[in-house]
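One structure is given below, encoded as structure tokens.
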Protein chains: 2
Amino acid sequence: MAFLSNSNTGYNPSAPTMPESAGPGHPYHSPPNYYAQANYGQYGYPSFPPGTHSDVIRSFQMVDKDRSGFIDETELQQALSSGYQRFSLRTIRLLMFLFKNPNDSLRIGPKEFAALWSCIGQWRVIFERYDRDRSGKIDAFELRDALYSLGFAIPASVLQILISRYDDGSGRRVELNFDSFIECGMIVKGLTEKFKEKDTRYSGSATLTYDTFMSMIIPFLVS
Amino acid sequence: MAFLSNSNTGYNPSAPTMPESAGPGHPYHSPPNYYAQANYGQYGYPSFPPGTHSDVIRSFQMVDKDRSGFIDETELQQALSSGYQRFSLRTIRLLMFLFKNPNDSLRIGPKEFAALWSCIGQWRVIFERYDRDRSGKIDAFELRDALYSLGFAIPASVLQILISRYDDGSGRRVELNFDSFIECGMIVKGLTEKFKEKDTRYSGSATLTYDTFMSMIIPFLVS
């Protein structure tokens, strides 16, 4: 599959972040329902959102061997490998936590998988835009610019601490590969969204009880 | 050294958590100054607080091979091994972050080491008190009681999430060894202290700006 092989080598216009690109065989107004075709639909199994790229569906189908309609963390790792790369289990756990249905246990269905795939595709485009020398890595300044372009203005001091997570102790300038970039990005995105939920007037500050504060943070420590 | 060998087998009255126990050779009013004795003192090297148990000093000295007066994370891991056990690097990093001088890089001196050693000693006593069957492990309920006895009343839902960090996926009830207990405890202690700093009136809630919120949390994710 063409779009799978070049995911690490530059911007990919056929990346499955835009449902419109599904091609003439999959018109948006009449989406293929993978689960219906595969005899899942009639029992109310969760299905993919209209317009989901067939490669996304195929990646999910490939790992959902028991046809349960849900995949766990190692299956997610495997499914994303086919479209992007093999992410570390630490990153996978964070993605799982951020994208899974809050009422569900540690597994995600087609809808969440499609959203996650699309999100990674968008972050991939950003990563490649800021990885100007195509080294496959970006540094602290590029990360700041990348996050800023996505609407996240985090303090430089915080960014420094976050980046130190990837310091190998060699004394060299810290650079992030795509896996670490996704992890960093998801931490910032996830915490920012949690904060915004509490800052309902968008005033830039929020009043939190101790219980709320602890509940907001602990899940990020667990992934 | 007697008190070193039995640290895993029950309450240890000679644990170096109380400076008064340093014995007749080390009267509190005339403490030994290890660094002064070893020709460090005259250049303003940091020294141990008065009354520090000689075993604590010895553990530090043993790993501070370059006699710099500071130890890094792997040296800290080694130093604590002699008194307690070999902690995981993840726990060590968290301890390092919580105990190091905020203005310092990733290293700790004698004063911080003595405080850390003493703190672990206190948590060891608590661990052993709640590990009623002496299995070397405590479960979620015992953890809750242990934290409560230390003054931390965290919501049950948060505790569940925190404990899931140690779920090996086997389906068995999650139990924490001393390493995980220390990690859990330090997360709760560290985050609670950060929150209290902002809740100056002890009202149970605090108003945080986005920058403050991010700065409070990110360091816990890095360790």
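Hydrogens, waters and symmetry mates play no part in the numbers below; they use all other heavy atoms, side chains included. Chain letters run A, B, ... following the sequence lines, proteins first, then strands; residues in each count from 1. Predicted model only: the values in this text are computed from it and were never measured.
Between Ile217(A) and Val158(B), the closest side-chain pair of non-hydrogen atoms is not below 4.5 Å.
Comparing Ile187(B), Val188(B), Asp199(B), Asp211(B) by heavy-atom pairs within less than 4.5 Å of chain A, the highest count is held by Asp211(B). Looking only at heavy-atom pairs under 4.5 Å with chain B, the residue among Ala206(A), Pro155(A), Gly204(A) that has the most is Ala206(A).
For Tyr210(A), the parts sitting under 4.5 Å from any heavy atom of chain B are the backbone and the side chain alike. Both the backbone and the side chain of Thr192(B) have a heavy atom closer than 4.5 Å to some heavy atom of chain A.
Atom CD of Glu183(B) sits about 9.0 Å away from atom CG of Leu221(A), to the nearest 0.5 Å. From Phe195(A), atom CZ reaches atom OG1 of Thr212(B) across 8.0 Å, with rounding to the nearest 0.5 Å. Note that the CG atom of Leu159(B) and the CE atom of Met214(A) stand 9.5 Å from one another [nearest 0.5 Å].
Contact detail for Ser205(A) and Thr207(B): the closest heavy-atom pair is OG-CG2, 4.0 Å.
Ring pair Phe213(B)/Phe213(A) is perpendicular by interplanar angle, where above 60° counts as perpendicular and below 30° as parallel.
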**OP:** Would you sort out whether Ile218(A) and Ile154(B) count as a side-chain contact (heavy atoms from CB on, under 4.5 Å), showing the intermediate values?
**Re:** CA-CA 11 Å; Ile218(A) 297 283; Ile154(B) 68 166; 5.9 Å; no
